[in-house]
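Working notes for the structure below.
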Protein chains: 2
Amino acid sequence: MEKFTDVFRALSDKTRLRILQILISVKKELCICEIMDSLQLAQYNVSKHIRELKIAGLVKEHKEGRFVFYSIVEPKNTFHKNILQTLKVIPKNNEDIKRLKKRLVLRINGKIVVSCITNRRKCR
Amino acid sequence: MEKFTDVFRALSDKTRLRILQILISVKKELCICEIMDSLQLAQYNVSKHIRELKIAGLVKEHKEGRFVFYSIVEPKNTFHKNILQTLKVIPKNNEDIKRLKKRLVLRINGKIVVSCITNRRKCR
DNA sequence: TGCTTATATGCCCATCTGTGCATATTATAC
DNA sequence: GTATAATATGCACAGATGGGCATATAAGCA
């Protein structure tokens, strides 16, 4: 049962929901820089929240050089499928999506070429 | 967005999930006594957790004399429907269901006639 | 090797959360 | 009214949680 409460706990934070929402809407792998620029959050914050989403089994990572890309885990059981379905129904934060799109334009041939725009010390 | 995180937070506790599960499986209104006897929890604990489920909009109440009956709120939007669907997929705690059935047998014509069996001071 | 960039993590602190206990509230019966 | 049963709630406390900050780790590059 704890396994289930842990997933719900992971979803009970606004920042984590925002992270999941941009990952769901973009249907791509995103690196921490891109997430922090999209959500205007400090790097350590994105990193810590992503960690919890990973532990909950909702997000997976894929290392590539010094970048780490994160994406939604494809659901493997009914519970997980239902959770993702539920997340898709939650209205998205339009500002986040707008900034995400702006940020993604900066990729060249799918490669990250622009470093963190957001000052890592000042964003909340 | 807080509205959604609040629902997930309500679901992030084992006791609250157990309460929801017996309410879902029994498809009936249950009073606090019956819940505390089914889950073997202290009265104040059931009462407090039910309160949070009510605030989250997952459970509703119906007063009848000195009894208060609780039941699952029929979902009114897609998010809520998905949440209930998700809850139904979680494996139930068989012990809880067993004790619930035993407890329900004690009703006579649907009326509660047996008071709390569980000592309200000793159950955790 | 040394520098820079991307990400992770340990520590501190304020706040929140669940439990236990005691007590309050409400309704019913005598 | 008084006693009793069902439920709610305020308080205290221990443990968890999130944010901020500093720093660690790791990889690429000069």
Side-chain angles (χ1 to χ4, degrees), chain A residues 2 5-6 8-19 29-37 39-56 59 61-70 103 106-107 111-124, chain B residues 2 5-6 8-19 29-37 39-56 59 61-70 103 106-107 111-124:
Chain A
E2 278 78 5
T5 54
D6 286 349
F8 287 126
R9 203 197 57 74
L11 301 175
S12 72
D13 178 84
K14 195 180 170 179
T15 302
R16 288 192 290 271
L17 272 196
R18 286 170 70 205
I19 293 176
E29 296 184 309
L30 295 178
C31 69
I32 299 279
C33 311
E34 291 172 326
I35 298 173
M36 54 186 284
D37 284 342
L39 307 189
Q40 298 194 294
L41 292 169
Q43 176 270 328
Y44 54 79
N45 249 328
V46 174
S47 190
K48 283 174 182 173
H49 283 301
I50 281 271
R51 187 173 186 275
E52 299 198 52
L53 292 172
K54 244 181 3 187
I55 291 172
V59 156
E61 73 179 30
H62 159 219
K63 297 199 183 191
E64 212 172 302
R66 77 191 138 160
F67 291 95
V68 185
F69 290 93
Y70 291 96
R103 186 61 170 83
L106 304 180
R107 284 196 192 181
K111 296 277 177 202
I112 316 267
V113 292
V114 176
S115 61
C116 298
I117 296 166
T118 302
N119 179 314
R120 74 182 59 182
R121 286 283 142 70
K122 291 218 176 112
C123 298
R124 299 290 141 87
Chain B
E2 279 78 5
T5 54
D6 287 349
F8 288 126
R9 205 197 56 74
L11 300 175
S12 72
D13 178 84
K14 195 181 169 178
T15 302
R16 289 193 288 271
L17 272 197
R18 286 170 70 205
I19 293 176
E29 297 183 309
L30 294 177
C31 69
I32 299 279
C33 310
E34 291 172 326
I35 299 174
M36 54 187 283
D37 284 343
L39 307 188
Q40 298 194 294
L41 293 169
Q43 176 270 326
Y44 55 79
N45 248 329
V46 175
S47 189
K48 283 174 182 173
H49 283 302
I50 281 270
R51 188 174 186 277
E52 299 197 53
L53 293 172
K54 246 183 356 187
I55 291 171
V59 155
E61 73 179 31
H62 159 218
K63 298 199 181 190
E64 213 173 298
R66 75 191 138 163
F67 290 94
V68 186
F69 290 92
Y70 291 96
R103 185 61 169 83
L106 303 180
R107 284 197 192 181
K111 296 277 177 199
I112 317 267
V113 292
V114 176
S115 62
C116 299
I117 295 165
T118 303
N119 179 314
R120 75 183 58 183
R121 287 280 142 70
K122 291 216 179 117
C123 299
R124 302 288 142 87

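In what follows, chains carry the letters A, B, and so on, assigned in the order in which the sequence lines appear, proteins first and then strands, with residues in each chain numbered from 1.
Distance His62(A) NE2 to dA27(D) P: 14 Å, rounded to the nearest Å. Distance CZ (Arg103(B)) to C1' (dA6(D)): 12 Å, rounded to an integer number of Å. The separation between Asn45(A) atom CG and dA22(D) atom P is 15 Å, rounded to whole Å. Atom CZ of Phe67(B) and atom C1' of dA29(C) are 13 Å apart (whole Å). For the pair Glu61(B) CD and dA8(D) C1', the interatomic distance rounds to 10 Å; values are reported in whole Å. With rounding to whole Å, Ile19(A) atom CD1 is found 13 Å from dT7(C) atom P. As rounded to whole Å, 13 Å separates atom C1' of dT17(C) from atom CD1 of Ile55(B). For Glu29(A) and dT7(C), the CD to P distance is 12 Å, given to the nearest whole Å.
Ranking dG18(C), dT28(C), dT7(C) by closeness to the Arg16(B) side chain, first place goes to dG18(C). Nearest nucleotide to the Glu52(A) side chain, out of dA8(D), dT9(C), dG18(D): dG18(D). The nucleotide whose nearest atom lies closest to any side-chain atom of Ser47(B) is, among dT17(C), dT7(D), dA8(C), dT7(D). Listed nucleotides: dG18(C), dA8(C), dT9(C). Nearest to the side chain of Asp13(B): dG18(C). Among the nucleotides dC11(C), dA6(C), dT17(D), the one closest to the side chain of Cys33(A) is dA6(C).
Contact check for Leu11(B) versus Leu17(B): side-chain heavy atoms found under the 4.5 Å cut-off. Using a 4.5 Å cut-off on side-chain heavy atoms (C-beta onward), Leu41(A) and Arg18(A) make contact.
Remark: Arg51(A) is in phosphate contact with dT9(C), judged by side-chain N or O atoms under 4.0 Å from OP1 or OP2. Contact check, Tyr70(B) against dA8(D): a side-chain N or O comes under 4.0 Å of OP1 or OP2. Taking 4.0 angstrom as the limit, His49(A) places none of its side-chain polar atoms (N or O) nearer than this to OP1 or OP2 of dT17(D). Here Thr15(A) reaches the OP1 or OP2 of dG19(D): one of its side-chain N or O atoms lies under 4.0 Å away. For the pair Tyr44(A) and dT25(D), the criterion of a side-chain N or O lying under 4.0 Å from OP1 or OP2 is not met.
In terms of heavy-atom proximity, Cys33(A) sits nearest to Arg103(A) at CB-NH2, 3.7 Å.
Between the Ser12(A) side chain and the Arg9(A) main chain, a donor and an acceptor come within less than 3.5 Å of each other. Between the Glu34(A) side chain and the Cys31(A) main chain, a donor and an acceptor come within less than 3.5 Å of each other.
For Arg66(A) and Val46(A), each mapped to the nucleotide of DNA chain C holding its nearest heavy atom, the one lying further toward the 5' end belongs to Arg66(A).
Looking at Gln43(A), its side chain has no donor and acceptor atom pair within 3.5 Å of the base of dA6(C). On a pure distance criterion of 3.5 Å, a polar donor-acceptor pair joins the side chain of Lys48(A) and the base of dG10(C).
Residue contacts shown for Lys63(B) are absent, as no nucleic acid heavy atom lies under 4.0 Å away.
Looking at residues two or more places apart in sequence or on another chain, you find a side-chain contact (heavy atoms from CB on, under 4.5 Å) between Glu64(B) and His62(B), Phe69(B), Lys111(B).
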